Protein chains: 2
Amino acid sequence: MEDFAAASGVSRPTVSKYFNDPNSVRKSTRARIEAAIERFGYRPNIYALNQNRKLTKNIGIVVPYLADPFFAEMARHIEAVVIAAGYRPILLGSHGDPAQELENLESLRDIRPAGVLLAPMGRRSDAERVRAFCADVTTVLFDCDIAGAGEAFVGSDNDQSIGLIVDHLCRTGTAPAFFEMREPANPNAIKRRNAYAAAMSRRGLEPMFIQVEGSGWDFEEIAFRGALRAIGRRALPSDTVLCSNDRLAIGFLSAAYERGWRVGRGPGCALRVAGHDDHPFARYTCPRLTTVAQDYAAIARRSAETLLDLIRGDSRATARETTLFRGRLVERASA
Amino acid sequence: MEDFAAASGVSRPTVSKYFNDPNSVRKSTRARIEAAIERFGYRPNIYALNQNRKLTKNIGIVVPYLADPFFAEMARHIEAVVIAAGYRPILLGSHGDPAQELENLESLRDIRPAGVLLAPMGRRSDAERVRAFCADVTTVLFDCDIAGAGEAFVGSDNDQSIGLIVDHLCRTGTAPAFFEMREPANPNAIKRRNAYAAAMSRRGLEPMFIQVEGSGWDFEEIAFRGALRAIGRRALPSDTVLCSNDRLAIGFLSAAYERGWRVGRGPGCALRVAGHDDHPFARYTCPRLTTVAQDYAAIARRSAETLLDLIRGDSRATARETTLFRGRLVERASA
DNA sequence: CAGAAAAATTTACGCGCGTTAAAAAACTGT
DNA sequence: ACAGTTTTTTAACGCGCGTAAATTTTTCTG
């Protein structure tokens, strides 16, 4: 920057000032600096720069698993909002590993982020240390909540969304059985399980569970194997199956097809299958998956804007806020 | 670090030395430092640290689109290799935007990476400026080649893999038509098109193309719409369709199902569909997708190790090397 | 125990910047 | 052309570290 300043005939502090806000310097000097940029292609080192700024423009985004299109999509939305607000997103995936999650948070400290948007891994997260991080860095959680961590939480209203789809399924056919992992790593899964049970109870019906074994992030495979066995044993308690999430539904549909069970609501269909989330691939399953959409855009926008408000100091000191967005029924062919 | 050194009763340069290589200090001082780490949880700031190291341990990884599970999966493999080698991966996705691709490369400069692994976006990439970057930073390309850019390229042998699947399809039924985007952004698509034409020619057959319109990264949607129309018009030149990649195949299968065309090779099937890549979701389509697998692990390993060799100076000055891995036929139910 | 070798300390500079305060220069209106 | 108001420059310090050379301390060898 020293050399660049000399080359552009301006002092270094002025150049620094320019990069901090081009409008803070006189038009004539701005022109000189910009001409020099054109000539030499100089740009300040963002990391050296962040070392001294009192407030950086860095926003960390941490998701549990980038190879899951749900999180990839969510991250994509959030990054767009963050960039539009003039901040700099740093996206980190934790590969489904709680240790990596902590490592990601710790490494974020080094860039002194203005704030962090964190989708925790869930039950496997080290809640204690996540809370400790949130105490130091302004953080907003999304998708998955950890009690007492972060300044706010933005997610989906599982009660409402599960109610919605159970409603739809009951209205259009047999009451659904609930297909899920026996020991899900995600608190949302627990909430959905309970929401399902409650929805059934409201109708005076006994909840029916199909629980499959498995752990890790290979949900489709877990569901595929589990469904294959359940269908093989003819152990389905209902001809309608509500899967705890779309990735499980994708595996389930694949298994049903494999077994020759026609899925859908038309005549000749043996089974109805529904999911939850409106996963990017849900529209291309066979048949196309009926599901309840999480509002990716709204969750992304709200969580990012909540964080930005906190950073800007517009809404300090208020109590921890929880925002739950309603799901939207996406009626396709599978149920 | 100053304070930490004082607290642990050791000088700062020694602490610095310790973090550079714990074995370079005496056992007794190592113990004192580690005790202090235990007590205070100190860790050096990775960015400040990289500012002065002559050689950093940073490896940049840039892929065109993280929301595409193919790249997410590839990145996952590469990160694992890089970490295992004791380096620090920095993963950046370009959101399908050439400008973002350049921005990612430029921002990588700021962390002075030891090297970069780049999967270029393809024809839309700014080849000139990518080459300029590669001239400054040791770079290995993977998945998609740009002539003259980087020290090496690692990818798939499209000739071999397309030959393999065409072979399989011809041996087990009708010769395939080739389903693709009319103007693909990816050079691999062009190679596959040519490989298909060549494979057909070798058999004395006329190549048959089904080309759909569309641009961007929403391949499934493009294929879905295109296939819907092609099937609707009964414009399929063959009862066997080879898709240029699995994402197109996923869309195609969805459209075929929608139209009530049974896909597979058994009796009662109207259509066979095959893909290319062994996309993470290819095993869960209905029917499960026959495809030719790219060797994710091998490509990841080879590209990372080629880069690391270059960094370590084991193999400088040699000519630009191109490594193509063979595809592996994955015979599932769809063809 | 002396002497040699190894390790640690001291001192100092550098990376690429932000930031501040005081001094100098460049503009504004008249 | 002048006082008054921006803007810029100068000078200096700081961030959190790596690194190098010279010096001192510790440890090892016999």
Side-chain angles (χ1 to χ4, degrees), chain A residues 1-37 40-58 86-88 106-114 136-137, chain B residues 1-37 40-58 86-88 106-114 136-137:
Chain A
M1 186 181 272
E2 195 80 58
D3 296 347
F4 171 77
S8 56
V10 173
S11 76
R12 189 178 68 77
T14 304
V15 171
S16 175
K17 201 149 176 282
Y18 166 84
F19 279 108
N20 201 353
D21 175 13
N23 290 317
S24 68
V25 304
R26 196 157 28 212
K27 209 167 65 174
S28 59
T29 57
R30 195 189 319 151
R32 282 155 72 187
I33 292 174
E34 277 162 0
I37 291 177
F40 304 109
Y42 170 82
R43 46 180 280 175
N45 183 312
I46 186 75
Y47 298 97
L49 177 156
N50 282 329
Q51 213 161 310
N52 283 353
R53 260 211 229 292
K54 70 262 144 162
L55 261 53
T56 74
K57 292 285 191 179
N58 294 327
Y87 285 76
R88 185 164 176 280
E106 289 307 319
S107 85
L108 276 178
R109 286 190 132 108
D110 289 351
I111 54 168
R112 312 193 323 115
D136 294 349
V137 181
Chain B
M1 185 181 272
E2 195 81 56
D3 295 347
F4 171 77
S8 55
V10 172
S11 76
R12 190 179 67 77
T14 303
V15 170
S16 174
K17 202 150 175 279
Y18 166 83
F19 278 109
N20 202 351
D21 175 13
N23 290 316
S24 68
V25 303
R26 198 153 34 207
K27 209 167 68 176
S28 59
T29 58
R30 194 188 320 153
R32 282 154 73 185
I33 293 174
E34 277 163 1
I37 291 177
F40 304 109
Y42 169 81
R43 45 180 281 175
N45 182 313
I46 186 74
Y47 297 97
L49 176 157
N50 282 328
Q51 213 161 308
N52 284 351
R53 260 212 229 291
K54 25 117 220 269
L55 262 54
T56 73
K57 292 285 191 179
N58 293 328
Y87 285 76
R88 187 163 176 280
E106 290 308 321
S107 85
L108 275 177
R109 284 191 134 109
D110 290 350
I111 54 166
R112 315 194 320 114
D136 294 349
V137 181

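Every chain is numbered from 1 and lettered A, B, ... according to where its sequence line falls, protein lines coming before strand lines. Note that the coordinates shown come from a computational prediction; the quantities given were computed from them, not determined experimentally.
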Sugar-phosphate, base or nothing in reach of N20(B), heavy atoms under 4.0 Å: sugar-phosphate

Nearest-angstrom distance from the residue atom CG of D21(B) to P of dG18(D): 13 Å

Distance in angstrom units between I111(A) CD1 and dC17(D) P, rounded: 15 Å

Y47(A) six-ring centre to R88(A) NZ/CZ under 6.0 Å and within 45° of normal: yes

Whole-Å gap separating P (dT19(C)) and CE (M1(A)): 11 Å

Touch class at under 4.0 angstrom, heavy-atom based, for Y42(A) against every strand present: sugar-phosphate

Gap between atoms CD1 and C1', on I33(A) and dT9(D) respectively (whole Å): 13 Å

Sequence-aligned protein contact record of nucleotides 4-12 of chain C, with B where the base is within under 4.0 Å of a protein heavy atom and S where only the sugar-phosphate is: ---SSBBBB

Test item: N45(B) side-chain N/O and D110(A) main-chain N/O as donor-acceptor pair under 3.5 Å: yes

Rounded distance (Å) that lies between atom C1' of dC15(D) and atom CD1 of I46(B): 16 Å

Side chains of residues 7-16 of chain A: which donor-acceptor pairs under 3.5 Å do they make with residues two or more places apart or in other chains?
| unit_1 | atom_1 | unit_2 | atom_2 | d |
| --- | --- | --- | --- | --- |
| S8(A) | OG | F4(A) | O | 2.9 |
| S8(A) | OG | A5(A) | O | 3.1 |
| S11(A) | OG | T14(A) | OG1 | 3.0 |

Protein-nucleotide distance (L49(A), atom CG; dC15(D), atom P), rounded to Å: 16 Å

Separation of atom CG in D110(A) from atom P in dC17(D), rounded to whole Å: 8 Å

Pairwise side-chain contact, R30(B) with N23(B), heavy-atom cut-off 4.5 Å (strictly under): yes

E106(A) CD: over 12 foreign heavy atoms closer than 6.0 Å: yes

Nucleotide dG16(D), atom P - distance to CZ of R43(B) in whole Å: 15 Å

Over all atoms of both residues, closest heavy-atom pair of K57(A) and G86(A): CD-O, 3.8 Å

